[in-house]
Amino acid sequence: MQPKLVRLSQYFLPTLREAPAEAQIVSHQLMLRAGMIRQASAGIYSWLPLGFRMLKKIEQVVREEQDRIGAAELLMPTIQSADLWRQSGRYDDYGKEMLRIKDRHERDLLYGPTNEELITEIFRAGVKSYRDVPKLLYHIQWKFRDEIRPRFGVMRGREFYMKDAYSFDINRKAALDSYNKFFIAYLRTFARMGLRSIPMRAETGLIGGNNSHEFIILADTGESQVFCHRSYLERDGMAVDDSTLEARAAAVRDWTRDYAATEDEHDIEAFSAIPEDDQVATRGIEIGHIFYFGTKYSVPLEAQIADESGANVPVHMGSYGVGVSRLLGAIIEARHDEKGIVWPAAIAPFQLAVINVKVADTACRAATERIMQQANNAGFEVLYDDRDQRAGVKFAEMELLGIPWRVVVSPKALATESFEVTKRRSGVIQNLGLEAIVPFLCKQFGR
RNA sequence: CGGGGUGUAGCUCAGUCUGGUUAGAGUGCUCGCUUUGGGAGCGAGAGGUCGUUGGUUCGAAUCCAGCCUCCCCGACCA
């Protein structure tokens with residue numbers, strides 16, 4: 001757990017007034033300016049306290065939605081032995097993108113770009129019967145893909161933090177229900193982060209398989225061209241019934257009924273059939289990808305279980321990824337203005353920024369402490385700018401950081417018993433008495 | 001990996017073409033005075049093996065060669 005009250009004087013938040021020249025897109029620029037990351041080498045970043053805090057926030061939302069559908073969390077290593085990869089045939093297929101390492105005994109190791117082989121082996125060793133499935137397993141771990149050209153900051157790094165989940169089922173029908181569970185979990189995950197995600201038919205790439213969706217958010221700076229029906233812009237990812245197998249299938253049918261495809265899978269004819277006013281052609285960022293790939297790995301890796309007749313059959317599998325570190329960049333691409341980041345309230349690093357414009361003043365300090373105490377007690381996370389800085393600097397920095405709500409404590413506010421509470425996104429100001437601030441925030445957050 | 005750039009203070013950049021005092025500016029940082037609710041003002045400072053190795057030269061940030069780094073375009077990709 002991250003601390004709920006952070007004083008800027010004690011934090012490590014090296015902000016920049018100007019964006020470093022290496023950053024081309026706005027999310028990368030803002031992450032550097034807000035002191036969230038520092039590049040260690042091409043496509044590899046250190047996560048400074050604020051960036052790390054955000055990473056944990058996003059990770060936690062992802063985790064809660066995985067847990068909700070009954071997936072069990074585990075942790076696999078970053079370094080893997082080449083043996084399993086030779087068995088699946090991917091040691092050669094993967095090419096230079098996979099970072100290969102030799103240990104002191106000249107054994108071939110690799111820094112995992114993904115984990116299908118390892119999870120299949122784990123499953124194989126532990127499960128023998130149809131009675132033990134379905135099993136949904138996931139982990140959240142660092143991965144490495146030696147991209148030819150890393151770019152866009154954490155959106156396209158070489159080292160990245162990713163949740164990947166794997167499903168194991170007795171047959172195709174059951175496997176597709178697992179697929180649907182993850183499909184819905186992703187709708188909810190991204191909706192909770194304030195993102196409008198659109199499931200699009202996708203290529204299956206190196207993972208293989210024949211049923212696959214990419215979850216895309218629309219952003220002008222997106223990496224790929226996407227096409228979809230306007231209906232997707234109004235849908236609510238949280239309003240999905242997933243209580244039964246039939247309900248899940250119906251929900252996924254409903255969410256895949258209208259046209260939505262990335263450039264690679266684009267069908268110009270089908271797209272043209274949509275009324276022109278409903279055609280949306282824009283750019284998008286991929287934030288999640290789900291696959292059903294059947295027995296592609298269970299056959300070569302001999303992951304078999306006994307069915308009801310006692311016969312050993314290969315399990316049907318799927319895999320489901322969310323780029324956790326990439327999501328930071330994606331969210332900022334979707335949520336920023338000319339002043340800086342605008343975090344969605346549900347995942348903001350702090351819900352409340354407190355600016356004390358006169359830290360030397362005893363009464364100001366006392367009022368500040370009282371507000372923060374109440375806010376903490378109400379469950380809010382608070383970032384307090386207690387530095388001896390000019391007000392303008394404090395305002396500009398808090399806006400850069402994108403904290404949803406800001407309260408300003410000053411001698412003037414104390415004298416008039418009227419404190420400014422400002423919403424970052426709209427800039428709308430409420431003037432409230434000291435004791436009314438936290439109750440007001442509780443109401444805003446529906447608490 | 002092909003093509004094109006780049007590397008000088010924490011950050012943004014000038015200086016290189018045309019070699020020549022002690023390498024500059026803005027911003028950030030430190031100190032003092034002033035200011036005090038929108039990245040303030042004045043003054044004084046600290047901060048650089050000019051990416052690196054070698055070469056040319058009386059003399060190299062500057063010219064030449066190798067290597068490295070980072071960025072952009074393309075192919076690849078969560």
Side-chain angles (χ1 to χ4, degrees), chain A residues 14-25 28-29 32-33 35 38-44 62 94-98 112-115 141-165 186 202-207 212-217 222-224 262-264 284-291 319-330 339-340 355-361 364 385 387-400 406-416 418-420 422 427 429:
Chain A
T15 57
L16 298 171
R17 281 181 77 157
E18 292 174 282
E22 80 230 23
Q24 301 296 313
I25 60 168
H28 190 192
Q29 293 169 347
L32 290 167
R33 286 190 54 207
R38 181 169 175 86
Q39 181 161 320
S41 65
I44 302 178
V62 171
Y94 229 98
K96 289 195 158 182
E97 204 171 287
M98 183 154 74
T114 179
N115 288 71
Q141 177 64 291
W142 291 97
K143 294 183 166 15
F144 192 91
R145 292 185 191 165
D146 199 1
E147 294 281 343
I148 298 166
R149 184 153 87 88
R151 63 187 119 171
F152 305 148
V154 298
M155 295 237 292
R156 193 60 193 288
R158 292 193 292 171
E159 186 179 54
F160 55 100
Y161 199 47
M162 191 173 174
K163 186 282 303 182
D164 49 322
Y186 278 20
E203 277 191 315
T204 51
L206 262 183
I207 309 274
S212 175
H213 287 91
E214 284 179 5
F215 287 74
I216 301 275
I217 61 168
E223 66 214 319
S224 52
T262 58
E263 196 169 16
D264 300 330
I285 301 169
E286 179 183 347
I287 51 176
H289 202 159
I290 61 178
F291 302 88
S319 81
Y320 315 90
V322 171
V324 175
S325 48
R326 157 175 279 205
L327 263 169
L328 261 86
K339 292 174 180 168
I355 291 179
N356 180 352
V357 299
K358 197 163 186 180
V359 290
D361 185 279
C364 280
D385 192 344
R387 298 170 307 168
D388 185 15
Q389 282 283 356
R390 299 178 59 82
V393 173
K394 297 186 177 194
F395 289 136
E397 269 192 21
M398 284 301 193
E399 281 157 354
L400 171 65
R406 177 185 82 193
V407 59
V408 181
V409 175
S410 67
K412 188 181 81 183
L414 279 171
T416 58
S418 173
F419 295 79
E420 268 180 25
T422 309
I429 300 169

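As a basis for the values below, the full set of heavy atoms in this structure was taken, side chains included, without hydrogen atoms, waters or symmetry mates. Note on naming: letters A, B, ... go to the chains in the order of the sequence lines (proteins, then strands), and numbering restarts at 1 for each one.
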Quick check: on RNA chain B, is the nucleotide nearest Glu399(A) upstream (toward 5') of the one nearest Phe152(A), or the reverse? Name the residue that is more 5'. Glu399(A)
Can you tell if the side chain of Glu223(A) reaches within under 4.5 Å of the side chain of Glu286(A), non-hydrogen atoms only? yes
Does Ser41(A) reach a base, just sugar-phosphate, or nothing at all? Heavy atoms under 4.0 Å. sugar-phosphate
What is the distance, rounded to the nearest whole Å, between atom CD1 of Ile429(A) and atom C1' of G38(B)? 12 Å
Could you identify the nucleotide paired to C76(B), looking across every strand shown and requiring Watson-Crick or G-U wobble geometry with both distances under 3.5 Å? none
Considering Watson-Crick and G-U wobble pairs with both distances under 3.5 Å, what does U6(B) pair with? none
Mind checking Glu420(A) for me? I need base, sugar-phosphate or nothing, with any heavy atom below 4.0 Å counting as a touch. base
Separation of atom NE2 in His28(A) from atom P in C11(B), rounded to whole Å: 13 Å
Any donor and acceptor pair, going by atom type alone, linking the side chain of Ser410(A) with main-chain N or O of Ala413(A) inside 3.5 Å? yes
Under 3.5 Å: donor-acceptor pair, side chain of Tyr320(A), backbone of Lys163(A): no
Report yes if the side chains of Met155(A) and Ile25(A) come closer than 4.5 Å at any heavy-atom pair, otherwise no. yes
Any-strand Watson-Crick or G-U partner of C63(B), both distances under 3.5 Å: G55(B)
Using the C1' atoms only, state how far A14(B) lies from U27(B), rounded to an integer number of Å. 14 Å
Taking only side-chain N and O atoms of Arg326(A), does any of them lie within less than 4.0 angstrom of OP1 or OP2 on C77(B)? no
Using a cut-off of 4.0 Å on non-hydrogen atoms, how would the nucleic acid contact of Val322(A) be classed: base, sugar-phosphate, or nothing? nothing
Looking only at U35(B), C71(B), A78(B), the nucleotide nearest the Glu22(A) side chain is C71(B)
Between Lys358(A) and Arg38(A), which has a closest nucleotide on RNA chain B that is more 5'? Arg38(A)
Of the options G37(B), C77(B), C70(B), whose atoms approach the side-chain atoms of Lys412(A) most closely? G37(B)
Looking at every strand, decide which applies to Gly35(A) at a 4.0 Å heavy-atom threshold: base, sugar-phosphate, or nothing. nothing
Consider the side chain of Pro20(A), meaning its heavy atoms from C-beta on, and name the nucleotide among C71(B), C76(B), C11(B) that approaches it most closely. C11(B)
Testing C73(B), C71(B), U12(B) for proximity to the side chain of Ala21(A), the answer is U12(B)
Euclidean distance for P, G5(B) against C63(B) (whole angstrom): 15 Å
Spacing of the P atoms in G24(B) and U49(B) (rounded, Å): 15 Å
Would you say Lys143(A) has more than 12 foreign heavy atoms packed within less than 6.0 Å of its NZ? yes
Does Arg149(A) have a side-chain nitrogen or oxygen under 4.0 Å from the phosphate oxygens OP1 or OP2 of C73(B)? yes
When the P atoms of G26(B) and G45(B) are considered, how many whole Å apart are they? 14 Å
Integer-rounded Å distance: G39(B) P and Glu397(A) CD: 13 Å
Under 4.0 Å between any heavy atoms, over every strand shown, what does Lys143(A) touch: base, sugar-phosphate, or nothing? Just pick one. nothing
In whole Å, measure the gap between the C1' atoms of A9(B) and G48(B) for me. 6 Å
Could you state the CG-P distance from Asp388(A) to U35(B), rounded to the nearest angstrom? 15 Å
Verify the contact: side-chain N or O of Lys394(A) to OP1 or OP2 of G37(B), cut-off strictly under 4.0 Å; return yes or no. no
Any side-chain to backbone donor/acceptor pair from Gln29(A) onto Ala23(A)? Under 3.5 Å, distance only. yes
Can you tell me which nucleotide in A40(B), G37(B), C71(B) comes closest to the side chain of Val357(A)? G37(B)
Could you check whether the side chain of Arg17(A) and the base of U12(B) have a donor-acceptor pair of N or O atoms closer than 3.5 Å, going by distance alone? no
In whole angstrom, what separates Gln39(A)'s CD from C70(B)'s C1'? 7 Å
Between the base of G38(B) and the side chain of Arg406(A), is there a donor and acceptor pair under 3.5 angstrom? yes
In whole angstrom, give me the gap between the C1' atoms of C71(B) and G7(B). 11 Å
Mark yes or no for a side-chain to base donor-acceptor pair under 3.5 Å between Arg156(A) and C77(B), with no hydrogen or angle criteria applied. yes
Determine whether a donor-acceptor pair (N or O, by modelled atom type, separation under 3.5 Å) exists between the side chain of Lys394(A) and the backbone of Asp388(A). no
Do the charged groups of Arg156(A) and Glu147(A) touch, with an N to O distance under 4.0 Å? yes
Output the rounded distance in Å from CD (Gln24(A)) to P (C72(B)). 5 Å
What is the separation between atom CG on Leu16(A) and atom P on C29(B), rounded to the nearest whole Å? 11 Å
Using a heavy-atom cut-off of 4.0 Å across all strands, would you classify Ala396(A) as base, sugar-phosphate, or nothing? base
With both distances kept under 3.5 Å, what pairs with G45(B), Watson-Crick or G-U wobble? C29(B)
Distance check needed: U34(B) P versus Arg390(A) CZ, whole Å only. 14 Å
C64(B) and U22(B): how far apart are their P atoms, nearest whole angstrom? 24 Å
Assign Glu214(A) to base, sugar-phosphate, or nothing according to its heavy-atom contacts below 4.0 angstrom with the strands shown. nothing
Check whether the side chain of Gln389(A) and the base of G39(B) form a donor-acceptor pair under 3.5 Å. no
With both distances kept under 3.5 Å, what pairs with G38(B), Watson-Crick or G-U wobble? none
Quick check: any donor-acceptor pair below 3.5 Å linking the side-chain of Glu18(A) to the base of G28(B)? no
Between Arg33(A) and Leu16(A), is there a donor-acceptor pair closer than 3.5 Å when you use the side chain of the first and the backbone of the second? yes
From the list G39(B), C76(B), C71(B), which nucleotide is the closest neighbour of the side chain of Ala42(A)? C71(B)
Face-to-face stacking of Phe160(A) with A78(B), centres under 5.5 angstrom, angle under 30°: yes
Could you measure between the two P atoms, the one in C13(B) and the one in G55(B), and give it in whole Å? 34 Å
